[in-house]
Amino acid sequence: MGQCFRKMSVGDEMQMQMQMKQWPPWSDLPPKLASNIAERLGPIELLSFRSVCKAWNSASSTASAKIESTPDFEPWFLLYAEDSDHKCQLVTETGKKFTMRLPELDGTTCLASNQGWLLLFKKQGLEGEAVGNCGGASSMFFFRPFSKTKIDLPGCPFLELSDHVAAFSCAPTSRDCTVSVINRVNDYELKLHLLRRGAEEWFQYDIPCSGIGTINCAVYHTEKQELYFFDHTDRVLIIVSTIHKPISWRFSRRSSEYSVGLKSDFIVYASYFKNTDMKKKLGLPDDVDVSFSTCGTQRKSGDQDSFVYCESISGDRVEESKSHQLKGIWIYPKFCQVPPKEETW
């Protein structure tokens with residue numbers, strides 16, 4: 001026997017609307033109740049919760065801090081590419097996949113990732129239009145995807161990328177932040193570009209190669225205040241750069257001082273893309289031929305610095321031009337908002 005449904009009259013609709021108006025808005029939830037709800041949410045759900053209103057954003061601060069301080073938190077993977085809808089794929093440490101709109105990443109290449117901050121390079125427009133704050137030249141800027149915070153850096157010292165590798169010492173909101181970018185000039189010389197917090201110009205240094213190979217990864221040693229640039233063999237370029245001392249450098253080989261292992265100063269994750277089976281997590285079939293260029297990341301794990309290597313994963317085809325090329329970033333989720341006064345270099 002079928003059910004009978006009575007069509008809602010105009011009077012019923014008006015009565016329902018009046019009842020809804022009597023209900024308090026969600027933003028009026030008691031702060032303690034809102035905090036309790038936030039404590040039970042996962043990282044992605046917490047992002048949506050924070051964006052509802054200022055009250056909920058404030059109520060979620062404790063939950064956000066707990067997530068960020070988790071010692072064994074694994075990095076997430078952010079896949080970005082040219083897309084008319086600015087859509088990026090985000091894969092969490094549990095393998096859950098989400099879509100984020102990040103137009104700020106269009107046309108960029110990530111050079112470094114640290115504490116949820118990305119150091120991005122954007123090449124000059126094809127027709128010479130101005131990009132960023134560099135008046136028509138290429139630009140560099142910091143970007144925090146989860147809070148949509150952007151900090152522009154002063155005049156980029158190079159127009160395009162070749163084999164540039166970068167690292168930065170700490171969050172760009174810190175007065176101690178130092179940005180370093182290095183690239184090979186020729187077979188005998190490296191060029192180091194250095195920028196300290198608050199400076200308006202980059203310092204540049206010419207460094208003899210001394211037999212070091214192609215540099216493919218950089219990391220900052222927090223305790224020693226040194227920059228380590230690793231090549232693909234066992235050679236390391238160590239840059240000593242502090243506010244109170246002149247810059248110096250030395251070459252070395254990997255040893256127990258910074259080798260892979262729990263007793264070393266660094267915990268290193270190599271071949272992380274393959275070891276985490278990220279291609280499968282992204283939903284890409286095995287028969288899809290793609291090449292990946294990934295930017296590694298760094299974080300402080302207790303008394304040690306840990307970092308994920310930058311990688312270039314080639315497709316199965318011999319001709320790289322026929323392989324679909326994608327870019328990805330390893331990133332630790334950081335949610336805290338940055339005060340407006342700290343959004344400038």
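Using a 4.0 Å cut-off between charged nitrogen and carboxylate oxygen, Asp206 and Lys191 count as a salt-bridge pair. With respect to Arg250 and Glu226, a salt bridge is recorded, a charged nitrogen being found less than 4.0 Å from a carboxylate O.
Between Tyr80 and Leu102, the closest side-chain pair of non-hydrogen atoms is not below 4.5 Å. The side-chain heavy atoms of Ile331 and Pro145, taken from C-beta on, include a pair separated by under 4.5 Å. Considering only heavy atoms from C-beta on, Thr94 stays 4.5 Å or farther from Trp76 through its side chain. Side chains of Leu79 and Leu282 form a contact here, defined as non-hydrogen atoms less than 4.5 Å apart. Side chains of Phe121 and Leu161 form a contact here, defined as non-hydrogen atoms less than 4.5 Å apart. Side-chain contact between Cys310 and Val165 is absent, with no heavy atoms from C-beta onward closer than 4.5 Å. Annotation: side chain of Val181 is in contact with side chain of Trp202 (closest heavy-atom distance under 4.5 Å). Proximity of Val219 to Phe230: side-chain heavy atoms (C-beta onward) are separated by under 4.5 Å at one or more points.
Side-chain contact of Glu93 with Tyr332: a donor-acceptor pair under 3.5 Å is absent, judged by distance alone.
Note that CD1 of Ile329 is 10.0 Å distant from OG of Ser293, once rounded to the nearest 0.5 Å. Rounding to the nearest 0.5 Å gives a distance of 14.5 Å between CD1 of Ile239 and CD of Gln225. Within the model, atoms CG of Asn216 and OG of Ser312 stand 8.5 Å from one another, a figure rounded to the nearest 0.5 Å. Annotation: the span from Leu326 atom CG to Thr294 atom OG1 amounts to 11.5 Å, rounded to 0.5 Å. Distance check, rounded to the nearest 0.5 Å: CD of Glu201 to CG of Leu194 gives 13.5 Å. Rounded to the nearest 0.5 angstrom, Arg144 CZ and Ile151 CD1 are separated by 9.0 Å.
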Legend entry - side chain to side chain contact (heavy atoms under 4.5 Å, CB included) evaluation trace for Thr173 with Trp345: CA-CA 8 Å; Thr173 52; Trp345 183 254; over 6 Å; no
Legend entry - CA sep, side-chain torsions, deciding dist, call: Leu237, Ile212, side chain to side chain contact (heavy atoms under 4.5 Å, CB included): CA-CA 8 Å; Leu237 167 62; Ile212 193 168; 3.9 Å; yes
Legend entry - side chain to side chain contact (heavy atoms under 4.5 Å, CB included) between Glu189 and Ile207, worked out: CA-CA 6 Å; Glu189 192 175 60; Ile207 301 176; over 6 Å; no
Inset, instruction - Could you walk me through whether Leu105 and Leu120 pass the side chain to side chain contact (heavy atoms under 4.5 Å, CB included) test, one step at a time? - result: CA-CA 8 Å; Leu105 297 186; Leu120 298 168; 3.5 Å; yes
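Judged by the 6.0 Å distance and 45° axis criteria, Lys150 is positioned over the aromatic ring of Phe141.
Put simply, the side chain of Glu311 gets close to the backbone of Tyr272: a donor and an acceptor are under 3.5 Å apart. The main-chain N or O of Asn275 is never found under 3.5 Å from a side-chain atom of Ser271 such that the two would form a donor-acceptor pair. The backbone N or O of Phe168 lies less than 3.5 Å from a partner atom in the side chain of Asn114, making a donor-acceptor pair. Checked by atom type and distance alone, the side chain of Asp231 never pairs as donor or acceptor with a backbone atom of Ile215 at under 3.5 Å. Panel note: side chain Ser35, backbone Pro31; a donor-acceptor pair is recorded below 3.5 Å. Ser138 places no side-chain N or O within donor-acceptor distance of the main-chain N or O of Lys123, the cut-off being under 3.5 Å. A distance-only check finds a donor-acceptor pair linking the side chain of Gln298 to the backbone of Tyr220 [under 3.5 Å]. Ser169 places a side-chain N or O within 3.5 Å of a backbone atom of Thr178 that can act as its donor or acceptor partner. Ser113 contributes a side-chain N or O that, together with a main-chain N or O of Trp330, makes up a donor-acceptor pair within less than 3.5 Å. In this structure, Thr276 contributes its side chain and Phe273 its backbone to a donor-acceptor pair below 3.5 Å.
Contact detail for Arg184 and Cys209: the closest heavy-atom pair is NH1-SG, 3.0 Å. Pro208 approaches Phe251 most closely through the heavy-atom pair O-CZ, 3.0 Å. In terms of heavy atoms, Cys110 sits closest to Ala112 at SG-O, 3.4 Å. In plain terms, the two heavy atoms of Phe142 and Cys177 that are nearest each other are CZ-SG, 4.5 Å.
Neither Val185 nor Leu190 shares a network with the other; the hydrophobic side chains, linked directly or stepwise wherever heavy atoms of I, L, V, M, F, W or Y lie under 4.5 Å apart, form separate groups for each.
The aromatic rings of His164 and His193 sit parallel, their planes meeting at an angle under 30°, below the 60° perpendicular limit. The aromatic rings of Tyr309 and Phe307 lie tilted to each other, with the angle between the two planes from 30° to 60°.
The environment of NZ in Lys148 is crowded: more than 12 heavy-atom neighbours from other residues, nucleotides or ligands sit within 6.0 Å. With a 6.0 Å radius and a threshold of 12 heavy atoms from other residues, nucleotides or ligands, Phe98 has its CZ atom above the threshold.
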